[in-house]
S.K.: 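Here it is, the structure in full.
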Amino acid sequence: MFKGIFQRVLYFLDSVRAFFFKILPGIGKFFSAALLAGLFCIPMSIQSVDLYDAEAAVQYIFPFSLPLTDVLFLENGILKYVFFLIYFIPFTALFTLISIFIREKLAKPLYITTFISLTIYLVLSIICLILEANCPTWFVLVPWYTYAIFGGAVVAHVAMSIYTLVYLRVSKPEYKDYKVLKENDQKKSKVSIKTKFFASVIGTLAVVLTTFMILILNGYKKMITEAVSDVGRTQAEQTAAVYESAEGKYEKIVNYFEQQKKTNAIAASPYERIDIIISSKNEQIFIENLGPESELPAFDVFAYTTARASKVDESEKKLTDEQAHDFLRRYQNGSFRKSPVYDKANRTCKYIYPVTLSRKAGHRLVGFSIVTYRQDVLMKQYFQTKVFVFTFSLIFLYVSILFVIFMADVIVNPLIYLRANVRKTSAGISEMLSGSAKIVPEEIVYDDSIKTRDEIKDLSVEIDNMFSLIKGIVPYISFSTLQHAEKDTKRSTISRDICFLFTDIRGFTSICEGMPPKKVVDILNHYLDIETEIILNNGGDIDKFVGDEMMAFFSGPKKEYNACKAAMEIRQAMREQQELASEDGSTFISIGIGINSGKVVFGSVGSRTRKDFTSIGDTVNLAARLESANKAYGSKSIITENVYSKLKDSFICRELDFITVKGKTEPVRIYEILQTTVRGTEKLYDIKELFEKGLSFYRKQKWDESEKFFKACAQKYNDMPSIVFLDRIFHFKNNPPAKDWDGVFKMDVK
């Protein structure tokens with residue numbers, strides 16, 4: 001019961017999970033549509049700040065009414081059409097909602113439309129910023145949620161841009177091989193070529209862009225400051241001159257101030273007001289006689305102004321003694337011509353010139369004419385230019401970063417993929433040389449995946465040609481030479497315990513007599529290929545080919561077992577070839593095998609210009625002699641006692657003889673491999689028993705008893721070694737051996 005309840009609970013949870021994952025994409029699309037709708041409805045900017053009315057209400061710019069906001073394109077009529085792109089955002093939101101109910105895959109179109117919508121929103125927001133931001137206060141008045149939405153759109157746009165670049169990179173089929181090789185790369189470089197390329201280009205671009213901004217902005221600021229300063233200074237001088245020429249008469253001065261009001265109303269950078277502040281005391285103070293320590297009268301009369309006097313702060317209607325001395329000092333040293341007086345508290349700039357009346361004794365100081373500019377008004381054009389330059393530079397830098405990343409992939413990725421392709425091929429060759437993989441020339445394949453048409457493609461083609469050359473050379477070089485080619489040949493000669501296997505095709509010269517050379521080579525290659533494959537499959541390696549003879553070796557703890565197993569498989573393959581040859585009437589062959597194990601000298605042998613890695617020693621020579629000994633005994637596979645002792649009952653073997661080979665005096669006991677114990681038959685065990693009994697009596701010189709067993713073995717199984725020993729017995733019966741005869745047979749042929 002509990003088990004059934006538990007299964008129902010699991011089924012319910014699985015259904016809930018399936019339902020959750022089924023509706024999850026729909027929920028995500030719904031929220032995406034809601035966010036896009038929010039972008040369309042929430043204020044994206046504000047209109048320019050009224051620089052003359054600090055209490056003016058903030059005018060918001062909504063995306064849905066953007067094309068109808070005339071203020072934005074009074075002087076930019078073309079933007080009227082650009083702003084209509086904002087209506088692509090609600091289209092994308094609607095498309096996102098519709099995609100929830102459509103089963104077809106719309107991921108890519110939906111991704112593209114969302115990316116376009118974000119781009120449109122950001123571009124139009126930046127256009128509003130450039131057109132409307134006219135002073136630092138503008139940035140303070142922009143609502144926080146507008147910054148939050150704009151920042152979120154920027155983050156989303158950056159994320160989608162990077163995802164697009166990554167998608168373009170990983171979608172290439174070559175990237176998978178590169179990724180695998182990179183993960184397996186043990187020697188990872190600290191800084192990749194792509195990082196160097198990116199850092200160098202973006203670094204250079206950032207330096208150039210920063211220098212450009214500094215030079216442009218500083219130059220433009222200096223130009224604006226000098227131009228406005230010239231106007232302000234000239235205005236102050238003109239006002240003082242008018243006062244002097246009018247001798248302070250009210251009517252003429254008032255007419256001048258009224259005219260200035262009209263002119264200022266249409267000025268590009270209008271001043272806030274022009275003031276004349278004079279002293280209430282009619283003292284005869286001449287400007288030529290004044291010095292830093294001179295006592296000045298109080299300038300406390302706000303005589304004339306272009307503004308409403310009631311709206312002017314009382315602190316600005318008179319001058320302190322310190323201000324008067326400062327103004328006079330600036331006039332006397334000429335600094336008033338270079339820069340205005342900056343009032344940090346009121347954010348104003350004042351251009352000041354002394355008001356005098358010409359007298360015989362000199363110019364009598366009456367007061368000062370003051371032209372006041374709001375700093376925001378004065379620097380409006382510079383500020384807007386600065387906003388444009390900074391914004392354009394950031395956009396340019398952002399686009400440049402994406403473009404450089406893309407170009408880094410276009411330019412550098414072929415090099416990276418080229419390295420990956422070379423590494424993949426060279427890794428395969430390294431595995432072959434290290435012995436962890438078979439040396440198969442067909443496995444040396446270079447994948448020329450470079451699609452560009454430049455020097456990188458040319459290099460890839462040359463590398464392909466190089467590997468093709470290596471692939472063609474490998475079959476003609478011994479495997480041991482290949483495996484030790486990278487080692488120091490002076491230190492590569494060592495002593496190793498190796499098992500050697502020699503094979504030879506019986507009567508190959510006679511078989512091929514009269515055949516065309518090409519057919520001879522084809523037959524030889526066919527059989528050697530069969531033998532080679534069997535040896536390699538059993539962990540062996542080919543040392544060399546000498547005509548129809550092959551020399552192979554095995555190493556490791558199971559070298560003797562592997563060598564004998566290979567020998568049995570070669571014999572089985574030859575029997576199958578003989579059956580095929582008998583069916584089609586072609587020539588068939590037989591093979592003799594000799595196996596020995598022991599210490600050899602293994603190393604580089606040859607001249608300075610042509611070397612080979614091979615083995616030298618009695619172990620090798622004896623294995624070669626045993627292969628030839630098969631001819632004398634009519635056997636197939638002969639091994640030494642050293643090999644026989646390592647087989648551990650894995651093979652059925654019979655002792656064949658006790659012999660000395662040519663060139664040696666010390667006798668060796670030899671055995672013939674009949675078959676593996678797994679595939680052993682009663683026939684093989686009977687052959688072994690009959691032959692070894694006959695051999696035992698043979699060594700005791702009991703010729704009749706020995707002849708009995710050898711004859712039985714020969715008659716029952718047509719056993720060639722038994723026939724050989726019957727011939728020997730016949731010889732010894734007629735020519736008895738010496739008294740000290742120990743049963744050793746001396747072979748005089750190789």
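The structure displayed is predicted, hence computed values, not measured ones.
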S.K.: For F286 and H363, I'd like to know if the aromatic rings sit close, meaning centre-to-centre distance below 6.0 Å.
M.R.: no
S.K.: Can you give me the closest heavy-atom contact between N264 and P270, atom names plus distance?
M.R.: OD1-CA, 3.1 Å
S.K.: Sequence neighbours left out, what pairs pass side-chain hydrogen bond (donor to acceptor under 3.5 Å, both in side chains) with at least one residue falling in residues 365-378?
M.R.: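 Every side-chain hydrogen bond (donor to acceptor under 3.5 Å, both in side chains) pair that includes a residue of residues 365-378, provided the two are not neighbours, is E272-R374, Y342-Q375, R347-D376, K350-T372.
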S.K.: Which residues satisfy the side chain to side chain donor-acceptor pair (under 3.5 Å) test with E316, sequence neighbours excluded?
M.R.: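 Listed in chain order: R273, N346.
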S.K.: How long is the gap from OH on Y243 to CD1 on I276, to the nearest 0.5 Å?
M.R.: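 The distance works out to 7.0 Å.
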S.K.: List the atom of T164, the atom of Y111, and the distance in Å for their closest heavy-atom pair.
M.R.: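 Between these two residues, the closest heavy atoms are OG1-OH, 2.8 Å.
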S.K.: Considering only heavy atoms from C-beta outward, does the side chain of Y121 approach that of L36 to under 4.5 Å?
M.R.: no
S.K.: Could you tell me whether the side chain of L129 reaches within less than 4.5 Å of the side chain of V387, counting heavy atoms only?
M.R.: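 In short, these two side chains touch, coming nearer than 4.5 Å.
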S.K.: Within the 4.5 Å heavy-atom criterion, are I130 and F392 side-chain neighbours or not?
M.R.: no
S.K.: Does the side chain of P136 come within less than 4.5 Å of F383's, by heavy atoms?
M.R.: yes
S.K.: Thinking salt bridges, do R359 and E244 make one under a 4.0 Å N-O criterion?
M.R.: no
S.K.: Not counting sequence neighbours, which residues clear salt bridge (charged side-chain N to carboxylate O under 4.0 Å, His left out) with D230? List them please.
M.R.: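 Counting only residues at least two positions away or on another chain, D230 forms a salt bridge (charged side-chain N to carboxylate O under 4.0 Å, His left out) with R233.
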S.K.: Write down the atom of F396, the atom of L205, and the distance for their closest heavy-atom approach.
M.R.: CE2-CD1, 3.7 Å
S.K.: Side chains of Y398 and S161: donor-acceptor distance under 3.5 Å anywhere?
M.R.: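 There is such a pair (donor and acceptor under 3.5 Å, judged by atom type) between the side chains of Y398 and S161.
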S.K.: Can you confirm whether Y271 sits close enough to T348 that some side-chain heavy atom of one is under 4.5 Å from a side-chain heavy atom of the other?
M.R.: no
S.K.: So which heavy atom on I127 is nearest to which on V82, and how close?
M.R.: CD1-CG1, 4.5 Å
S.K.: Could you please spell out the steps behind the ring-ring contact (aromatic ring centres under 6.0 Å, His included) verdict for Y331 and F368?
M.R.: CA-CA 11 Å; Y331 168 74; F368 294 91; 8.7 Å; no
S.K.: Which atom pairs, one a donor and one an acceptor, fall under 3.5 Å between side chains of residues 57-64 and the rest of the protein, sequence neighbours left out?
M.R.:
none

S.K.: Parallel under 30°, tilted from 30 to 60°, perpendicular over 60°: which one fits the rings of Y167 and Y163?
M.R.: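 Aromatic pair Y167/Y163 classed parallel.
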S.K.: For residues V142 and Y147, determine if any side-chain heavy atom of one lies less than 4.5 Å from a side-chain heavy atom of the other.
M.R.: yes
S.K.: For residues S117 and F91, determine if any side-chain heavy atom of one lies less than 4.5 Å from a side-chain heavy atom of the other.
M.R.: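 No, every pair of side-chain atoms sits at 4.5 Å or beyond.
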S.K.: Do F257 and K261 come within less than 4.5 Å of each other through their side chains, counting heavy atoms only?
M.R.: no
S.K.: By salt bridge (charged side-chain N to carboxylate O under 4.0 Å, His left out), which residues pair with K318, not counting sequence neighbours?
M.R.: none
S.K.: Test of understanding: with side chain to side chain donor-acceptor pair (under 3.5 Å), list the residues that count as partners of N218, not counting sequence neighbours.
M.R.: none
S.K.: Show the nearest heavy-atom pair for residues L217 and Y382, with the distance to one decimal.
M.R.: O-CE1, 3.3 Å
